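As the structure lists them, so they are numbered: ligands from 1, and atoms in each ligand from 1. Everything numeric here is computed off the predicted structure, so don't read it as measured data. What you see below is based on every heavy atom in this structure, not just the backbone, and it leaves out hydrogens, waters and symmetry mates.
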Amino acid sequence: MNDCIFCKIVRGELPSAKVYEDDDVLAFLDIGPIVKGHTLVIPKAHYDPLPAVPAAQLAKVMAVVQRIAQAQLNGLSADGVNIHQSNGAVAGQIVPHVHFHVIPRFANDGHSWNWRAGGYSQPEEMKALAEKLRAAL
Ligand code: AMP
Ligand code: ZN
């Protein structure tokens with residue numbers, strides 16, 4: 001993908017603060033961190049959205065996500081870690097190359113998720129949605 005900024009980072013055409021690299025996976029610092037140390041983990045090959053990533057490739061990416069989370073806990077003395085991943089503009093995705101945000105969290109780091117917990121009017125509504133999803137698997 002010629003115009004993809006993450007592909008440009010993979011090819012070395014744009015600078016990045018690399019944290020980890022192997023043949024399939026790259027991890028680098030997010031330029032606009034929610035919390036300092038916020039790291040992006042990507043497959044080097046261009047895939048989008050998440051379901052397009054071959055399972056074997058995704059497993060390699062997730063292994064690095066896990067290692068980065070551990071490094072944030074050990075190396076940055078983070079108190080916790082958030083993993084975040086968006087698909088589609090409606091979901092807040094800006095860069096259309098699959099990536100996982102690995103965000104170190106500290107007490108009083110100033111960030112809080114704007115998480116609005118909703119609800120279901122009837123148990124039947126939940127059951128119907130679960131059934132719809134099961135049928136689509
Ligand atoms: P998303 O909304 O999940 O698509 O997030 C894209 C992320 O990429 C944002 O958090 C940006 O700060 C980050 N980003 C964009 N350009 C760069 C870049 N050149 N180097 C590092 N991070 C970047
Ligand atoms: Zn790309």
Item to check | Distance filter under 4.0 Å to Val95 heavy atoms, resulting ligand 1 atoms | outcome: 4 (O), 6 (C)
Checklist outcome for this item: Correct closest heavy-atom pair for His99 and Leu40 would be CD2-CD2, 4.1 Å
Item to check | Over all atoms of both residues, closest heavy-atom pair of Ala107 and Asp79 | outcome: N-OD2, 3.0 Å
Checklist entry - What atoms of ligand 1 come within less than 4.0 Å of a heavy atom belonging to His99? => result 1 (P), 3 (O), 4 (O), 5 (O), 6 (C)
Checklist entry - Where do Gly37 and Leu29 come nearest, in terms of heavy atoms and distance? => result O-CD2, 3.8 Å
Checklist outcome for this item: Note: ligand 1 atoms sitting under 4.0 Å from heavy atoms of Ile94 are 1 (P), 2 (O), 4 (O)
Checklist entry - Taking atom CD of Glu21 as the centre, does the number of heavy atoms from other residues, nucleotides or ligands within less than 6.0 Å exceed 12? => result yes
Item to check | Geometric class of the His84/Trp113 ring pair [parallel <30°, tilted 30-60°, perpendicular >60°] | outcome: parallel
Checklist outcome for this item: In this structure, atom 14 (N) of ligand 1 is nearest to the protein heavy atom Ile31 CG2, 3.9 Å
Checklist entry - Looking at Ile9, Asp48, Ile42, Ile5, which hits side-chain contact (heavy atoms from CB on, under 4.5 Å) with His97? => result Ile42
Checklist entry - Is there a heavy atom in Gly92 that sits closer than 4.0 Å to ligand 1? => result yes
Checklist entry - Nearest to atom 8 (O) of ligand 1, what protein heavy atom do you find, and at what distance? => result Phe6 CZ, 3.5 Å
Checklist outcome for this item: So for His101 against ligand 1, with non-hydrogen atoms under 4.0 Å, the contacting part is side chain
Checklist entry - Can you tell me the angle formed at the Zn ion (ligand 2) by ND1 of His97 and SG of Cys4, to 10°? => result 110°
Item to check | Where ligand 1 meets Ile5 - atom numbers and elements under 4.0 angstrom, heavy-atom basis | outcome: 15 (C), 16 (N)
Item to check | Three-point angle Cys7:SG, the Zn ion (ligand 2), His46:ND1, rounded to the nearest 10° | outcome: 110°
Checklist outcome for this item: protein heavy-atom neighbour closest to atom 19 (N) of ligand 1 works out as Ile9 CD1, 3.8 Å
Item to check | Ile83 to Val102 - nearest heavy-atom pair and separation | outcome: CD1-CG1, 3.8 Å
Next on the checklist: With a 4.0 Å cut-off on heavy atoms, is Leu29 in contact with ligand 1?
Outcome noted: yes
Item to check | Gln93: numbered ligand 1 atoms lying under 4.0 Å from its heavy atoms | outcome: 2 (O), 4 (O)
Checklist entry - Does some side-chain heavy atom of Pro54 sit less than 4.5 Å from a side-chain heavy atom of Tyr47? => result yes
Next on the checklist: Using the side-chain contact (heavy atoms from CB on, under 4.5 Å) definition, which of the options Asp22, Asp24, Val53, Val65 pairs with Lys60?
Outcome noted: Asp24
Checklist entry - How close do Gly88 and Gln93 get, heavy atom to heavy atom, and via which atoms? => result N-OE1, 2.6 Å
Next on the checklist: Checking a contact table here: which protein heavy atom is nearest atom 12 (O) of ligand 1, and how many Å away?
Outcome noted: Asp30 OD1, 2.5 Å
Item to check | Location of contacts on Phe100 toward ligand 1, heavy atoms closer than 4.0 Å | outcome: neither
